[in-house]
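Before any comments, here is the structure.
Below, chains carry the letters A, B, ... as their sequence lines are ordered, and counting in each starts from 1. This structure is a prediction, so every number in the text was calculated from the model and none was measured.
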Amino acid sequence: MKEVTGSYSPRKLEAGVQDNWKRENTYARVQALRQDGKAFFFVDGPPYTTGHIHLGTAWNKIIKDAVLRYHRMRGANIIERAGYDMHGLPIEVKVEHQLGFTSKKDIEDYGIAAFIEQCRTFAVTHMEIMSDQFRQLGIWLDFDNPYQTIKEEYIESAWWAIQRADERGLLERGHRVVNWCPRCETAIADSEVEYWDETDPSIFVKFPITGRENEYLVIWTTTPWTLPANVAVAVNSAFTYARVRAKKDGNEEILWIADELVESVLKMGRYQDYTVLERVGGNSLIGTEYASPLAGHVPRQTEIRHRVVAADYVTLENTGLVHIAPGHGWDDYLVGIREGLEVFCPVDSGGCFTPEAGAFADMYVRDANDLVIDTLGGYLLARRTITHRYGHCWRCKTPIIYRATAQWFLKATEIREPMLAEIAKVKWYPEWAGSARFHDFVRDSRDWCISRQRYWGIPIPIWQCEECGEHTVIGTVAELEERSGTEVADPHRPYVDEIVIPCPCGGEMRRVADIFDVWFDSAVASWATLGFPREREAFDRYWPADFITEGQDQTRGWFYSQLGASTVAFGRAPYKSVLMHGFALDAEGRKMSKSFGNVVTPEEVVNQFGVDVLRFYVLWANAPWDDLKFNWDSVKTIHRTLNILWNVYRFPLPYMVLDSFEPAPEAGGLWDGSFVRGNINDMPKEDRWIVSRVNSLARTTAGDMREYQLHKVTRALASFILEDLSRWYVQLVRPRMWLEEDSPEKRYAYETVYYVMRRLTALLAPFAPHIAEEIYGNLRLDGDPESVHMLDWPEADDLLIAPDLENAMEIVRSFDDAVATARQAGRRKLRWPVSETVVVTGSDEVNTALEDLNDLALNRANSRTVRVVTGTWDRILWQAEPVMRAIGPEFGRDGPKVKALIEQADGTALKAAIEREGKAELDGYEITARHVTFAESLPEGVFAAPMKDATVYVDVTLTPALEAEGYAREVIRRIQEMRRQLDLNVDDFIVAAVDVADERVASLIAKEEWQKEIAGEVRAAALTVRRTDGERPAEEPFALEKDWDVEGVQMQIGISRAGE
RNA sequence: GGGCCCGUAGCAUAGCUGGUGGUGCACCCGGCUGAUAACCGGGAGGUCGUGCGUUCGAAUCGCAUCGGGCCCA
């Protein structure tokens, strides 16, 4: 053990600890230490390798690290690797920006091979940056050997899964309406669509009914460009529709509109008058045929037989009739499938109309809106604009379109029931994350479109025969090499695109052009991280994961993608327990975003306060599953807490070093707390108490950890450090540290402090691993493990937990607070002793506590006596006050007389009489409890304050003896302060002189008893106390001389180091 | 529009199987001073988002509504 002089400087401390971990290879050694323990398989949710980590990413990894460190200390053999998600459109878009590309054509011209190399470089570079950042946060995951979605063996894991899907008939090629980004020219997942407001046309259009003169169905749309693809109109069979004769500018026409919407629609179309001709149910309209108002401009439209169909999703908004284009809408598509409608989609991958769109060919769809509207001519009933939420590509922010395309699907809807059953088997923290949130999401989920028409991703391993159309799904690289006879250097595009497999029919099979949705990459992480299918052994032993934890946004993300892929491949969930954590928000509870300028980065926090403060803060601020509202003040509070921990730790060290204290070791030179266990019954109460507290702490934290109540654990730790250790125990134990001679009391104090710090650092290790390591490193014995992270988690020692003592101490602390309050009211400083302190209570617990811990109470109260009185204390006087509301009616005329009698009576005696007999007599009048109230009247010099279940009375009246001690204490304190100014060592001796300008006070403290006391306390070899007239005795120069005003008495004090 | 979560003093947070609202920070006043760019005590500060309901009684239960978050449409 060494003395520690420096104050808590986290950055320096943490750099030192991390250097040491690196030099000693501590992480690997901790892992090795536990390799025979019970396996605990953890899968790291892979962050995407773009840019830097943000607060949420840091929080995520900090939770993981704290949990895993805890499990390691509990003896678990943690199976883990860090992981990274490295494919996908975001990186393609970044690289496109770097290269100045605007379309897929630019990429093709540049060369796919060169392009994906750029993507690879980008991903790997950023992965390394992020790994360094995570390491700096003290995250112990395997960053030297992370799983990477771009590695050949990882790609194989995905291929293998999709092969299984195909074998089970869950892989399907289909024409589906998908979210389509016209810039990226690819389908994008629902989860990749971002919504924000967009202003669009809002038009009402008349569709002419076939065979009726001048009669129309009125529909509404915000996407005029989808009208060339219209094939039907949907009505709700539950609604009533009106056939209306409407007049405008002398013309008449017949319109069909939902009955309740007639007024508003006609107003919109500026009709002057109308008559309802008939009202029919929606069913009556079904089958009605009509023509496209664009028939003359889109040739295909003249061939389509348009008709009215029913759809119950039609709402009573706008016109109550909905335009259906199965090529451009998901609901439309489903209606189309049901009704056998044609799926017409005259839009290409770049969002431009194809020649099939006739007059609109080659136009970009959103640009064509105006032309479509113009072309409608008289069929346009009204035109407005609308601002509504519209979807955009999450990467390039282009408004998406819906487009019917050929895609590959995983038939998630077919395995919905098994997925729901699996969710119920998983242990969710909190419970509702699974039972409500995730359950509902999966219940409402659709088939998963897994194909993308891009470059930087896992190629879909489907080879299709150009001759016969048969397809085959490849599961491994080896299988591909065998079947193609070609060596596979890199399973990425464009290299795999060139591989040809001979088809049994004699034709050639070529790979389909698509790559996987990047969500499918991470979906296979649970077995990919184990190297499956290449490696089987680890998979058989560890899979599925014991635990994963990610943010609530991953409900639809990684929780879902993994469950889907795993249910397809193995028919079960890939994880046994899931902790869903919240989102990191700013102090106002708003999302952190660059445009708002409210982003707080982990680096900022670390630069100011260090890693441990950040870690402890995010684990402490709220429950893991609630959103984190970042708050600098709270960060400072945590910094202060750790600073206090540091001060508590270093305060006893100088004394221990001075005394060459060594904690009692066990055989083998390691420490296990047996001294405290063996001597507990002889140790002072406060030692037994803090030992009990730290064991209670171990017990509650273990319980909370089991439920991942990380906030409760960190709060309990912080509270222990501040309340129990710093504000109470250290205050109590200090005098024992200062004892000169060896004594059991001092030994117990050292052993207790040591015990508490050893247990506390172990409990802190998962949450604040650096400061715990630093403190442990100084305290550990030669036989102890080198790192605090190699220790076993401290189990609560039930024999050392004393609930009664803990309760009693709570009472004494309440007493202590009350004494301070009462003294403040009586203006008597704590330094000045008082004669008597009385606690009035009816509580046995209070009585027992103050009896058992009387020495402590005396000490804390700085009182000659502390005693408990049950019932009433005889020194309390009572003042009787008449209650006129009762006296008036009863005594009538004599009321004023009774009032005067009561006021003049001895209230204390009156109260006693009434309590004893229920009544008292005053000058012949019978007085009962009704007629009088009593106010407490404290004797001169007594002050009261409430405490737990009791009231404390402090008598601050001075006597010469008390005064002498008070002044002596004042002198001691001032000399100590002067010692400090001279920067003397704790064991230096001094010579001192005190010149007091007050005869009485001088004689009080000049008494031998107090002079000795002062000299002893301040280590004075020689001390003079005398009365002066305020004249400085010039013949005695001291190293330091000061004038003091002590409670109005002038004193001159001079001190020097002895022998100088 | 739908699902889930959250909404408590200036800020953050506890209480949420119903019984007169705790804690920390900040603020004001006082104390302490052999942990000192620390520490302790006291005070002020709340219609527990809003409204309605259930109940003898609601921050706590129900319904509605507003605001924030994540997700879905």
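Although no hydrogens or angles enter the test, the distance criterion places no donor-acceptor pair under 3.5 Å between the side chain of A:Trp330 and the main chain of A:Val178. Looking only at distances, no side-chain donor or acceptor of A:Asp627 sits under 3.5 Å from a matching main-chain atom of A:Ala584.
The NZ atom of A:Lys629 sits 10 Å away from the C1' atom of B:rU13 (whole-angstrom rounding). Across the protein-nucleic acid pair, A:Leu645 atom CG and B:rA35 atom C1' stand 12 Å apart, rounded to whole Å. A straight line from CG of A:Asp440 to P of B:rG2 spans 14 Å, rounded to a whole angstrom. Spacing between atom CZ of A:Arg734 and atom C1' of B:rU36 amounts to 10 Å, rounded to whole angstrom units. The interatomic distance linking A:Leu725 (CG) with B:rC39 (C1') rounds to 14 Å, in whole Å. Rounded to whole angstrom, the span from the CE atom of A:Met978 across to the P atom of B:rG34 amounts to 14 Å. Summarising the geometry, the separation between CG on A:Asp626 and P on B:rG7 is reported as 7 Å, rounded to the nearest angstrom. When the C1' atom of B:rU36 is taken as reference, atom CH2 of A:Trp646 falls 17 Å away, rounded to whole Å.
Nucleotides B:rG49 and B:rG21 are separated by 14 Å at their P atoms, to the nearest Å. Distance check on atom C1': B:rG42 versus B:rG34 gives 27 Å, rounded to whole Å. As rounded to the nearest Å, B:rC11 and B:rC48 have P atoms that lie 15 Å from one another. B:rG1 and B:rA44 are spaced 46 Å apart, taking the P atom of each and rounding to whole Å. Separating the C1' atom of B:rG18 from that of B:rG57 is a span of 8 Å, rounded to the nearest Å. Taking atom P in both B:rC6 and B:rU13, the straight-line distance is 13 Å, to the nearest Å. Rounded to whole Å, the P atom of B:rU65 lies 9 Å from the corresponding atom of B:rG2. B:rG46 and B:rA59 are spaced 11 Å apart, taking the C1' atom of each and rounding to whole Å.
Within the cation-pi definition used here (under 6.0 Å to the ring centroid, within 45° of the axis), A:Lys1042 qualifies as a partner of A:Trp1044.
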| query | When you look at A:Trp448 and A:Trp519, which way does the side-chain contact (heavy atoms from CB on, under 4.5 Å) test go after all the steps? | reply | CA-CA 10 Å; A:Trp448 180 3; A:Trp519 281 104; 4.0 Å; yes
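Nucleotide B:rC28 is matched to B:rG42 when pairs are restricted to Watson-Crick or G-U wobble geometry with both distances under 3.5 angstrom. When Watson-Crick and G-U wobble pairs are counted only if both distances are under 3.5 Å, B:rG21 pairs with no nucleotide at all. The nucleotide B:rC61 finds its pairing partner in B:rG53, both defining distances of the Watson-Crick or G-U wobble pair being shorter than 3.5 Å. Pairing for B:rC4 goes to B:rG69, judged as Watson-Crick or G-U wobble with the two contacts each under 3.5 Å.
Using cut-offs of 30° and 60° for the angle between ring planes, the A:Phe661 and A:Tyr750 rings count as tilted.
Considering only the side chain of A:Arg715, B:rU13 comes nearest among B:rU13, B:rA35, B:rC72. Side-chain proximity of A:Arg556 to B:rC25, B:rG41, B:rC72: nearest is B:rC72. Here the nucleotide nearest the side chain of A:Ala820, chosen from B:rA35, B:rA12, B:rG41, is B:rG41. The listed nucleotides are B:rC5, B:rC11, B:rU36; the one nearest the side chain of A:Trp432 is B:rC5. Of the candidate nucleotides B:rA35, B:rG69, B:rC25, B:rG69 has the atom lying nearest to any side-chain atom of A:Asp627.
Note on A:Glu1017: a base of the nucleic acid sits closer than 4.0 angstrom, heavy atoms only. Backbone-only engagement by A:Ala621 is indicated by non-hydrogen atom pairs under 4.0 Å involving sugar-phosphate atoms exclusively. Residue contacts for A:Asp817: at a heavy-atom cut-off of 4.0 Å it reaches the sugar-phosphate backbone alone, with no base atom in range. Contacts of A:Thr555 with the nucleic acid, taken as non-hydrogen atoms under 4.0 Å apart, are absent.
The side chain of A:Arg650 contributes no N or O atom lying less than 4.0 Å from OP1 or OP2 of B:rA35. The side chain of A:Arg437 contributes no N or O atom lying less than 4.0 Å from OP1 or OP2 of B:rC70. Dashed line: the shortest gap from a side-chain N or O of A:Arg979 to OP1 or OP2 of B:rG34 is not under 4.0 Å. The side chain of A:Asn647 contributes no N or O atom lying less than 4.0 Å from OP1 or OP2 of B:rC39.
Taking the six-membered ring wherever Trp is involved, the centroid distance between the rings of A:Tyr708 and A:Tyr429 falls below 6.0 Å. In this structure, A:His328 has its ring center no closer than 6.0 Å to that of A:Tyr402.
Heavy-atom distances to RNA chain B give each of A:Asn622 and A:Phe651 a nearest nucleotide, and the one nearer the 5′ end belongs to A:Asn622.
Of the candidates A:Leu717, A:Ile775, A:Thr714, A:Leu764 forms a side chain to side chain contact (heavy atoms under 4.5 Å, CB included) with just one, namely A:Leu717.
For B:rA38, the base has no donor-acceptor partner in the side chain of A:Arg640 [N/O atoms by modelled type, under 3.5 angstrom]. Residue A:Ser726 places a side-chain atom within donor-acceptor reach of the base of B:rA35, judged by atom type and a 3.5 Å distance cut-off alone.
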